[in-house]
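Before any comments, here is the structure.
Everything quoted here is computed from the prediction, not taken from an experiment. To find a chain, count down the sequence lines: A is the first, B the second, and so on, and within it residues start at 1.
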Number of protein chains: 2
Amino acid sequence: MTKLGERIRQLREENNFLQKHIAAQLDVDTPMLSKIERGERRAKKEQVLVLASILNVPQADLLTLWLADQVYEIVKDEDVALKAIQVAEDEVKFKQKKK
Amino acid sequence: MTKLGERIRQLREENNFLQKHIAAQLDVDTPMLSKIERGERRAKKEQVLVLASILNVPQADLLTLWLADQVYEIVKDEDVALKAIQVAEDEVKFKQKKK
DNA sequence: GTTGACTTGTCAAATATTGACAAATATAAG
DNA sequence: CTTATATTTGTCAATATTTGACAAGTCAAC
């Protein structure tokens with residue numbers, strides 16, 4: 001289960017959309033959307049943006065979940081997961097300052 | 001430049017080892033080690049463990065940098081980088097609690 | 001038992017990553 | 001300047017991973 005997939009499904013159901021409907025706009029078949037919702041496949045960034053517009057939420061919201069899923073996937077089985085995330089976070093903060 | 005690559009080079013120079021020497025123990029050629037040090041190629045996890053033992057530092061230290069590099073690579077160009085990292089961090093913390 | 005929504009499994013095609021090599025550059029020594 | 005050693009750069013085929021598409025499956029409502 002991915003954060004993004006869960007959120008997409010939640011929003012889709014709130015809006016009473018069928019997978020068929022969303023999938024068509026993403027230009028994939030329903031099995032693919034099903035897999036994205038269940039976290040079996042990763043959406044493309046471009047698809048995340050389209051999803052945000054279909055589901056009427058800010059792009060940043062879904063992009064955040066999309067990235068968070070990828071980060072989590074990398075560290076999830078590691079003892080040093082938290083430490084690694086914090087090192088990366090520090091670097092992001094450092095680079096942002098410089099900008 | 002990656003955190004891991006910089007650290008490897010630093011440790012290698014502190015110990016006066018040549019790339020040739022380290023590369024042999026990693027079972028790669030020196031161009032490959034050069035690229036790992038400069039962050040042009042990613043080391044395998046197994047190689048990171050060997051590096052820790054060659055360079056006499058705790059495995060966790062290098063693994064942390066190795067993971068942090070990967071996390072940073074994912075989020076580095078994104079506006080929501082920080083938020084995404086924090087979401088992932090929350091999930092790591094949550095899962096750790098459950099264990 | 002037919003329909004509609006969704007899921008599962010499989011596969012080849014597209015894409016990305018890897019390791020190896022030759023060649024280039026850099027540095028230092030004689 | 002020429003040689004020797006260390007490191008870097010560029011390229012390429014081999015390998016691995018990801019992707020999209022399809023057929024077939026489950027499940028629930030009717």
Side-chain angles (χ1 to χ4, degrees), chain A residues 1-51 54-55 62-63 65-78, chain B residues 1-51 54-55 62-63 65-78 84 88:
Chain A
M1 295 284 159
T2 57
K3 295 264 179 192
L4 178 63
E6 285 173 22
R7 185 81 181 112
I8 290 171
R9 175 155 300 186
Q10 181 189 34
L11 289 166
R12 180 172 67 79
E13 289 176 347
E14 277 176 24
N15 287 277
N16 272 89
F17 292 147
L18 298 178
Q19 285 185 348
K20 185 172 60 171
H21 179 233
I22 309 277
Q25 297 188 65
L26 288 183
D27 201 38
V28 298
D29 60 9
T30 58
M32 180 63 68
L33 180 59
S34 169
K35 284 165 185 170
I36 290 172
E37 285 186 352
R38 289 173 297 106
E40 194 183 318
R41 291 292 176 89
R42 174 179 305 164
K44 292 178 173 179
K45 182 174 181 178
E46 184 199 298
Q47 293 172 330
V48 175
L49 302 181
V50 175
L51 281 164
I54 298 173
L55 299 168
L62 298 191
L63 276 180
L65 299 178
W66 178 71
L67 284 175
D69 286 339
Q70 292 173 67
V71 169
Y72 183 72
E73 182 61 24
I74 286 178
V75 303
K76 68 176 180 206
D77 292 326
E78 302 286 343
Chain B
M1 297 283 157
T2 56
K3 295 263 180 191
L4 178 63
E6 286 173 22
R7 186 78 181 113
I8 291 171
R9 174 155 301 185
Q10 182 190 35
L11 289 167
R12 179 172 67 80
E13 290 176 345
E14 276 175 24
N15 287 276
N16 272 90
F17 292 146
L18 297 178
Q19 285 184 350
K20 186 171 58 168
H21 178 234
I22 309 278
Q25 297 188 66
L26 287 183
D27 201 38
V28 298
D29 60 10
T30 58
M32 180 62 68
L33 180 59
S34 170
K35 283 165 185 169
I36 290 171
E37 284 186 355
R38 287 173 299 104
E40 193 183 319
R41 291 290 177 89
R42 174 180 307 163
K44 292 177 172 180
K45 181 174 181 178
E46 183 198 298
Q47 294 172 329
V48 175
L49 301 182
V50 175
L51 282 164
I54 298 174
L55 299 168
L62 298 191
L63 276 180
L65 299 177
W66 177 71
L67 283 175
D69 286 338
Q70 292 172 67
V71 168
Y72 183 72
E73 182 62 24
I74 287 177
V75 302
K76 68 177 181 205
D77 293 324
E78 301 286 344

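Residues B:Lys45 and B:Val48 fail the side-chain proximity criterion, which asks for heavy atoms closer than 4.5 Å. Side-chain contact between B:Tyr72 and B:Asp69: absent, with no pair of heavy atoms (C-beta onward) separated by less than 4.5 Å.
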Margin query: Is there a salt bridge (Lys or Arg N to Asp or Glu O under 4.0 Å) between B:Lys3 and B:Glu6? Walk through the geometry before answering.
Written below: CA-CA 5 Å; B:Lys3 295 263 180 191; B:Glu6 286 173 22; over 6 Å; no
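Atom C1' of nucleotide D:dG20 and atom CZ of A:Arg41 are separated by 7 Å, given to the nearest angstrom. In this entry the distance linking CD of A:Gln47 with C1' of D:dG20 reads 10 Å, nearest Å. Computed from coordinates, the B:Gln70 CD to D:dT17 P distance equals 14 Å when rounded to whole Å. Distance, A:Glu37 CD to C:dT7 P: 7 Å, rounded to whole Å. C:dA5 atom P lies 14 Å from atom CG of A:Leu33, rounded to whole Å. At whole-Å resolution of the value, CD in B:Glu46 and C1' in C:dG19 are 14 Å apart. Atom C1' of nucleotide C:dG19 and atom CZ of B:Arg42 are separated by 16 Å, given to the nearest angstrom.
Of the side-chain N and O atoms in B:Ser34, one or more sit less than 4.0 angstrom from OP1 or OP2 of D:dT8. Considering only side-chain N and O atoms, B:Lys44 lies under 4.0 angstrom from the phosphate OP1 or OP2 of C:dG19. Distances shorter than 4.0 Å separate some side-chain N or O of B:Arg38 from OP1 or OP2 on D:dT9.
To the nearest 0.5 Å, the span separating CD on A:Gln47 from CG on A:Leu62 amounts to 12.5 Å.
Within residues 6-31 of chain B, the residues having any heavy atom closer than 4.0 Å to DNA chain C are, in order of number, B:Asp29, B:Pro31.
Shown here is B:Glu46, whose CD atom has no more than 12 heavy atoms of other residues, nucleotides or ligands within 6.0 Å.
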Atom pairs and distances, side-chain donor-acceptor, residues 31-40 of chain B, under 3.5 Å, sequence neighbours left out:
from, atom 1, to, atom 2, distance (Å)
B:Ser34, OG, B:Arg38, NE, 3.1
B:Ser34, OG, B:Arg38, NH2, 3.1
B:Glu37, OE1, B:Arg9, NE, 2.7
B:Glu37, OE1, B:Arg9, NH2, 2.7
B:Glu37, OE1, B:Arg12, NH2, 3.1
B:Glu37, OE1, B:Gln19, NE2, 3.3
B:Glu37, OE2, B:Arg12, NE, 2.6
B:Arg38, NE, B:Ser34, O, 3.2
B:Arg38, NH1, B:Glu40, OE1, 3.2

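For D:dG10, its base sits under 3.5 Å from the side chain of B:Lys35 at one donor and acceptor pair at least.
Across A:Ile54 and A:Phe17, no two heavy atoms sit closer than the pair O-CE1, 3.9 Å.
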